[in-house]
Amino acid sequence: MKRETLPSWLSLLLTTQFFLPCKNHPLSSRSECNLFCIECEAPPDAFCYHCHLDHHSNHHVIQIRRSSYHDVIKVSELENIFDISDVQTYVINSAKVVFLNERPQMRTCGPLSSSSYNCETCGRALLNEFRFCSLGCNLTGIEKDMKTPSDVANGSEYKRIEDVASGNSSDSNTRSEKEIYNENNEEEPPAKRVARHRRKGIPQRAPFF
Ligand SMILES: *[C@@H]1O[C@H](CO)[C@@H](O)[C@H](O)[C@H]1NC(C)=O
Ligand SMILES: *[C@@H]1O[C@H](CO)[C@@H](O)[C@H](O)[C@H]1NC(C)=O
Ligand SMILES: *[C@@H]1O[C@H](CO)[C@@H](O)[C@H](O)[C@H]1NC(C)=O
Ligand SMILES: [Zn+2]
Ligand SMILES: [Zn+2]
Ligand SMILES: [Zn+2]
């Protein structure tokens, strides 16, 4: 089976600022930069309709749309490029879209927040059974997936040794899991600590008496 690899431009797409006015076409209409070329080797920033005609006319270009000030992209523009089946889709103006990035979450006190599905990365309540709220959270989720198994094994191993060394082995697992995401697993094995505690042994006495 073919292993699916995500295109290298995906993270660039997610960090690009869209909908700024085009510097090359300040006086034209349709000059907001809402297009992105997935073919150019070093893709320029977002560009406008006129830039598209001038420089990317035969390229595969995708269009970013806006919904309440958030960038979205039509599912139909992405689904043939890579698998977005883990990402929550929304229907906006009768088009199915996904959000590019995580959106700031309001503290809702209403009943809306009681969802059975939550984004695995940011915790946002989802409407249906998806794993991520946005492409950005999906990408973050992959990075975690790749890190987790070995780091947790290693991390908790170190923790256990450390806790034993300091004479207590409770709550090692919950702690280690949290810390692993923050630190880059750079804890050093606490071997030095243990060595100092060796008992002095039998007090030395004069060999003869
Ligand atoms: C979403 O995440 C899954 C699992 O982590 C991964 O296999 C898939 O390629 C990701 N898709 C995108 C579009 O990031
Ligand atoms: C733990 O980390 C070491 C290197 O730091 C690595 O060689 C080893 O494979 C890791 N162990 C596990 C279980 O991932
Ligand atoms: C270990 O921690 C528990 C509580 O977390 C405590 O009750 C116990 O006395 C501790 N043992 C040692 C040897 O420090
Ligand atoms: Zn332009
Ligand atoms: Zn191009
Ligand atoms: Zn999310």
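Values below: every heavy atom of this structure, side chains too, minus hydrogens, waters and symmetry copies. We count ligands from 1, going down the list as the structure has it; atoms in each ligand are counted the same way. Bear in mind the structure is a predicted one, so any value in this text is a computation, not a measurement.
With hydrogens and angles disregarded, a donor-acceptor distance shorter than 3.5 Å links the side chain of Gln105 to the backbone of Cys122. Asn101 places a side-chain N or O within 3.5 Å of a backbone atom of Leu14 that can act as its donor or acceptor partner. At least one donor-acceptor pair under 3.5 Å links the side chain of Thr15 to the backbone N or O of Ser11. Here the side chain of Asp83 pairs a donor or acceptor atom with the backbone of Ser85 at under 3.5 angstrom.
Between the ND1 atom of His56 and the SG atom of Cys40, the angle centred on the Zn ion (ligand 5) amounts to 100° when rounded to 10°. Rounding to 10°, one obtains 120° for the angle at the Zn ion (ligand 6) between SG (Cys133) and SG (Cys119). With the Zn ion (ligand 5) as the vertex, ND1 of His59 and SG of Cys37 span 110° to the nearest 10°.
Atoms of ligand 1 lying under 4.0 Å from any heavy atom of Phe82, numbered from 1 in the order shown and given with element: 13 (C). Applying the 4.0 Å criterion to heavy atoms of Arg131 picks out, from ligand 1, the atoms 4 (C). Of all atoms in ligand 1, numbered sequentially from 1 with element shown, those under 4.0 Å from a heavy atom of Phe132 are 2 (O). Taking a cut-off of under 4.0 Å to the non-hydrogen atoms of Asp86, the atoms of ligand 1 that pass are 1 (C), 2 (O), 3 (C), 4 (C).
In this structure, of Thr121, Val87, Asp83, Thr140, the residue bringing a heavy atom nearest to atom 13 (C) of ligand 1 is Asp83.
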Inset, instruction - Check the pair Glu79 / Lys96 against salt bridge (Lys or Arg N to Asp or Glu O under 4.0 Å), numbers first and verdict last. - result: CA-CA 11 Å; Glu79 64 190 354; Lys96 232 204 239 183; 5.9 Å; no
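Here the closest non-hydrogen pair linking Arg66 and Phe19 is CG-CE1, 3.1 Å.
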